[in-house]
Undergrad: 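Handing you a structure now.
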There are 2 protein chains.
Amino acid sequence: MSFDETDRKLLKFLQQDGKQTTKELSHKLNLSVTAVYERIKKLENSGVISKYVALVDRGKIERKFLVLCHVKLTQHKKEFVMQFEREIMDLHEVSECFHVSGDYDYILKICVKDMEDYRNFMLSKLTTLQHIASTHSSFTISEVKNTTEIVI
Amino acid sequence: MSFDETDRKLLKFLQQDGKQTTKELSHKLNLSVTAVYERIKKLENSGVISKYVALVDRGKIERKFLVLCHVKLTQHKKEFVMQFEREIMDLHEVSECFHVSGDYDYILKICVKDMEDYRNFMLSKLTTLQHIASTHSSFTISEVKNTTEIVI
DNA sequence: GGTGAAAACACTCTCAG
DNA sequence: CTGAGAGTGTTTTCACC
């Protein structure tokens, strides 16, 4: 799919506020409501806009502590890899998990309440998984930037 | 703020689909439209729901290549730290940047089109920043899990 | 806490041009 | 792409449990 300048602006606005009405957007884009409506539908139907979500402030729900954890597996047999990934899917503390190249096999983003909570998560969940050789945790001191928006 | 089971379910539903109508939600929660409406307003006004956004599929907009980059600074004087963080804010390829403890000072999530694009980003943007001692890039082979939802 | 109803308003979606 | 219309959902208030 290709985008013109209007599509790019539209995606920018919707990534910043997914609940704007087509009417509001039509003013910002100097277009008719119908034209905006059809552009949005095109972006939704083509899958460029995958979904609309509410974002929750982690600070207000006792989940302010963010940790990036690097994991190395003991072996890289398909069976082990598949099992590890299946188990990670079920850990709700893990919001992201990427299989990466380099010194570690996986990098996980984990959000919990505090250090004590993280200790419990490590001891009773993460390190009980099979085939983990080592982990290395990086504790977040501050969030310099944290956005879901992709500039097109 | 405290949540009961209904609030937790409501947050779960809205984190999965932020555009559901209060009517739909009232069915799922076995509540009246008014009751759901008031609970949502409470969550929005208290800041638990920080915003609603459209999520874009990176694969459909030529930004499929995801890199986690570890950065070490030469010095940790307040002035240097502040300048680095200010500069990172302006790099649109960087969607996340966390100041972390451990071997590195920062971990960045960078999304670009491909390896060539990443090379350009490194050479002409990231490594031109002041006070960077070293960088270490982890290329994403696969996204095992990548969600904005926080299980409450 | 919750319900149901009413009224005013705004938006979504389709269609003819 | 535009403008208009029908249908639907939102938002608020109200009396009430």
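Convention: sequence-line order gives letters A, B, ...; per-chain numbering from 1. The figures here come from the full heavy-atom set of this structure, side chains too, leaving out hydrogens, waters and symmetry mates.
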Undergrad: Closest to the B:T34 side chain: D:dT13, D:dC1, D:dA4?
TA: D:dT13
Undergrad: C:dG2 P sits how many Å from B:L10 CG, rounded?
TA: 11 Å
Undergrad: Any side-chain donor-acceptor pair under 3.5 Å between A:Y52 and A:E44?
TA: yes
Undergrad: So which atom in A:I141 and which in B:S101 form the shortest heavy-atom distance, rounded to 0.1 Å?
TA: CD1-N, 3.8 Å
Undergrad: Looking at B:R39, does any N or O in its side chain come under 4.0 Å of the phosphate oxygens OP1/OP2 on C:dG1?
TA: no
Undergrad: If I compare all heavy atoms of B:K113 with all of B:F65, which pair ends up nearest, and what's the gap?
TA: O-CB, 3.5 Å
Undergrad: Which whole-number value in Å describes the distance from B:N30 CG to C:dG2 C1'?
TA: 13 Å
Undergrad: Quick one: which of D:dT11, D:dG9, C:dA5 gets closest to the side chain of B:K23?
TA: D:dG9
Undergrad: Which pair of heavy atoms, one from A:L10 and one from A:R39, lies closest together, and at what distance?
TA: CD2-CB, 3.6 Å
Undergrad: Kindly point out which of D:dT11, C:dT3, C:dC13 is positioned nearest to the side chain of B:V33?
TA: D:dT11
Undergrad: Between P on C:dT12 and NZ on A:K42, what's the gap in Å once rounded to a whole number?
TA: 19 Å
Undergrad: Tell me: CD of B:E38 to P of D:dT11, nearest whole Å?
TA: 12 Å
Undergrad: Quickly work out the B:E44 CD to D:dT10 P distance and round it to whole Å.
TA: 12 Å
Undergrad: Describe the nucleic acid contact of A:T21 in one word from base, sugar-phosphate, nothing, applying a heavy-atom distance below 4.0 Å.
TA: sugar-phosphate
Undergrad: Whole-Å distance between D:dT10 P and A:Q20 CD?
TA: 18 Å
Undergrad: Would you indicate, yes or no, if C:dC13 has its OP1 or OP2 atom less than 4.0 angstrom from a side-chain nitrogen or oxygen of A:Y37?
TA: yes
Undergrad: Is B:V144 close to A:F84 at the side-chain level, that is, under 4.5 Å between some pair of heavy atoms?
TA: no
Undergrad: Identify which nucleotide among C:dT12, D:dT11, C:dT3 has an atom closest to any side-chain atom of A:T22, counting heavy atoms from C-beta outward.
TA: C:dT12
Undergrad: Expressed in angstrom and rounded to an integer, what is the separation of A:L29 atom CG from D:dC1 atom C1'?
TA: 14 Å
Undergrad: Within this structure, what is the CG-to-C1' distance between A:L25 and C:dA10, rounded to whole angstrom?
TA: 15 Å
Undergrad: Can you tell me which nucleotide in D:dT2, D:dT11, D:dT13 comes closest to the side chain of B:K41?
TA: D:dT11
